[in-house]
Amino acid sequence: QVQLVESGGGLVQAGGSLRLSCVASGRAFSSYNIGWFRQAPGKEREFEAQISWSGSTTYYADSAKGRFTISRDNAKNTVYLQMNSLKPEDTAVYYCAASRLLFASRERNYDYWGQGTQVTVSS
């Protein structure tokens, strides 16, 4: 069992940066690959990035490449999503989730989810 709690969202101007955190509880955390998804109003939830359980492998959606960086610190049971050069279209609720599968971009491949954190980018 893994519980996930996101934080770090907020209001930022276009071009700014935010770092999201996903803190996990449960001893199994370090064996899970962790992904970040986002859901904008009126849209489906979409995959942004994933990091392997060891941190050695990362996987990004095209929308995240070059601007977002995912990392993890297993000693702190935390995964981060550093978001730079933010755009108004990045406005969404951001979720972290845990999966046994690597290179998983579909929601159905994830077993545990956090409650989400709101990111709003103003123009």
Novice: Identify every side-chain donor-acceptor pair in residues 12-22 under 3.5 Å, counting partners at least two apart or on other chains, and give the distances.
Specialist:
| residue | atom | partner | partner atom | Å |
| --- | --- | --- | --- | --- |
| Ser17 | OG | Asn84 | OD1 | 2.9 |

Novice: Output all residues satisfying side-chain hydrogen bond (donor to acceptor under 3.5 Å, both in side chains) with Thr120, sequence neighbours left out; order by chain, then residue number.
Specialist: Gln118
Novice: Listed by chain and number, what are the ring pair (Phe, Tyr, Trp, His ring centres under 6.0 Å) partners of Phe47, not counting sequence neighbours?
Specialist: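 Result, ring pair (Phe, Tyr, Trp, His ring centres under 6.0 Å) vs Phe47: Phe37, Tyr59.
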Novice: Nearest 0.5 angstrom please: Leu81 CG to Thr117 OG1, how far?
Specialist: 11.0 Å
Novice: Rounded to the nearest 0.5 Å, how far apart are SG of Cys96 and CD1 of Ile51?
Specialist: 12.5 Å
Novice: Between Ile70 and Leu86, is there shared hydrophobic-cluster membership here, with clusters defined by ILVMFWY side-chain heavy atoms closer than 4.5 Å?
Specialist: yes
Novice: Tell me, please, which residues at least two apart from Ser56 pass side-chain hydrogen bond (donor to acceptor under 3.5 Å, both in side chains).
Specialist: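 With sequence neighbours excluded, Ser56 shows a side-chain hydrogen bond (donor to acceptor under 3.5 Å, both in side chains) to Ser54, given in chain and number order.
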Novice: Do any N or O atoms from the side chain of Glu6 and from the backbone of Gly116 form a donor-acceptor pair under 3.5 angstrom?
Specialist: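 It does hold such a pair.
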Novice: Could you give all pairs that pass the salt bridge (charged side-chain N to carboxylate O under 4.0 Å, His left out) test and reach residues 103-123, with sequence neighbours left out?
Specialist: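 Residue pairs passing salt bridge (charged side-chain N to carboxylate O under 4.0 Å, His left out), neighbours aside: Arg45-Glu107.
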Novice: So which pairs with a foot in residues 63-100 pass ring-ring contact (aromatic ring centres under 6.0 Å, His included), sequence neighbours left out?
Specialist: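 Checked against ring-ring contact (aromatic ring centres under 6.0 Å, His included) - neighbours excluded - no pair reaches residues 63-100.
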Novice: Consider only side-chain heavy atoms of I, L, V, M, F, W and Y, link residues closer than 4.5 Å, and tell whether Tyr112 and Ile34 are in one cluster.
Specialist: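 Yes, it is one cluster - the side chains of Tyr112 and Ile34 are joined through contacts under 4.5 Å.
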Novice: Taking side chain as C-beta onward, heavy atoms only, is Glu89 less than 4.5 Å from Ser63?
Specialist: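 A side-chain contact under 4.5 Å is absent here.
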Novice: Considering residues at least two apart in sequence or located in another chain, which fulfil the side-chain hydrogen bond (donor to acceptor under 3.5 Å, both in side chains) criterion with Gln3?
Specialist: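 Gln3: side-chain hydrogen bond (donor to acceptor under 3.5 Å, both in side chains) contacts with Ser25.
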Novice: Taking Asn74 for the side chain and Val79 for the main chain, is one N or O donor matched with an acceptor at less than 3.5 Å?
Specialist: no
Novice: Please enumerate all residues that pass side-chain contact (heavy atoms from CB on, under 4.5 Å) together with Lys65, with sequence neighbours excluded.
Specialist: Tyr60, Asp62
Novice: Any salt bridge (charged side-chain N to carboxylate O under 4.0 Å, His left out) pairs touching residues 66-86, not counting sequence neighbours?
Specialist: Arg67-Asp90
Novice: Can you list the residues that meet the side-chain contact (heavy atoms from CB on, under 4.5 Å) rule with Thr57, with sequence neighbours excluded?
Specialist: Ser52, Leu102, Phe103
Novice: Residues two or more places apart in sequence or in another chain: which of them pass side-chain contact (heavy atoms from CB on, under 4.5 Å) with Ser31?
Specialist: Ala28, Arg100
Novice: Looking at residues at least two apart in the chain, or sitting in another chain, which of them share a side-chain contact (heavy atoms from CB on, under 4.5 Å) with Ser99?
Specialist: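 Ser99 satisfies side-chain contact (heavy atoms from CB on, under 4.5 Å) with Gln50, Leu101, Ala104, Asn109, Tyr110 only.
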Novice: Decide yes or no for Glu46 and Arg38: does some side-chain heavy atom of the first lie under 4.5 Å from some side-chain heavy atom of the second?
Specialist: yes
